[in-house]
Amino acid sequence: MRSALRRAISSVHWYVRELTDESAYDRYVAHIADHPDTPTPSRREFERMRTNRQEKDPRQGFRCC
C-alpha cells in the first residue's frame, strides 16, 4: 500500500514539475554537462537568461504583465 502511494505522489510531483516547467533548469544542467568548456550558471542566472530570452521574443512564452 505504501509503495503504491509513494508512486502516486511521485507521479503527481513529476507531472506538476513538468507542467510548471520547474524542471527546465535540471534539463539545462544535464544538457550543459555534455559541453565541459561551458560554465554551468546558477539557478538564478538561468532564470534571468530565460526571462531575457522570453522578453526579446514574445512568441517564446506568454507574459501578461
Side-chain angles (χ1 to χ4, degrees):
M1 177 73 171
R2 283 187 183 176
S3 64
L5 180 59
R6 281 189 184 156
R7 278 196 311 270
I9 290 172
S10 177
S11 295
V12 168
H13 182 254
W14 174 86
Y15 181 76
V16 169
R17 280 179 47 85
E18 291 296 322
L19 185 66
T20 61
D21 213 17
E22 178 69 23
S23 59
Y25 179 70
D26 298 333
R27 287 192 305 268
Y28 184 73
V29 169
H31 171 74
I32 281 284
D34 295 338
H35 307 282
D37 296 336
T38 305
T40 304
S42 68
R43 176 81 180 215
R44 178 175 274 195
E45 291 168 336
F46 170 76
E47 292 298 339
R48 175 50 44 202
M49 289 183 330
R50 206 168 121 178
T51 302
N52 288 343
R53 186 176 62 241
Q54 287 175 346
E55 288 176 351
K56 285 181 184 177
D57 185 3
R59 294 173 297 170
Q60 287 236 309
F62 175 75
R63 284 197 59 142
C64 65
C65 39

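Not measured: the values here are computed from a predicted model. Below, all heavy atoms of this structure are taken into account, side chains as well, without hydrogens, waters or symmetry copies. Positions are given from 1 along the sequence.
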Original post:
Going by distance alone, is a donor N or O of one side chain under 3.5 Å from an acceptor N or O of the other, for R27 and S23?
Top reply: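 Result is yes, a qualifying pair exists.
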
Measure the [atom1]-[atom2] distance between [X] and [Y] for me, rounded to the nearest 0.5 Å.
X   : Y   : atom1 : atom2 : answer
T40 : Y25 : OG1   : OH    : 6.5 Å
R48 : R50 : CZ    : CZ    : 12.0 Å
H13 : E22 : NE2   : CD    : 8.0 Å
F46 : S42 : CZ    : OG    : 11.0 Å

Looking at S10 and R6, would you say the former's side chain and the latter's main chain have a donor-acceptor pair under 3.5 Å?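 Such a contact is absent between S10 side chain and R6 backbone.
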
Q54 side chain vs T51 backbone, donor-acceptor pair below 3.5 Å: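 Between the backbone of T51 and the side chain of Q54 there is no qualifying donor-acceptor contact (under 3.5 Å).
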
Original post:
Quick one: does E45's side chain get under 4.5 Å of M49's, heavy atoms only?
Top reply: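 No. Closest side-chain heavy atoms not under 4.5 Å.
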
- Common cluster, V16/I9, ILVMFWY with side-chain heavy-atom separation under 4.5 Å: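 Per the 4.5 Å side-chain linkage, V16 and I9 are not co-clustered.
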
Would R53 and E47 count as a salt bridge (Lys or Arg N to Asp or Glu O under 4.0 Å) here? Give the steps. CA-CA 10 Å; R53 186 176 62 241; E47 292 298 339; over 6 Å; no

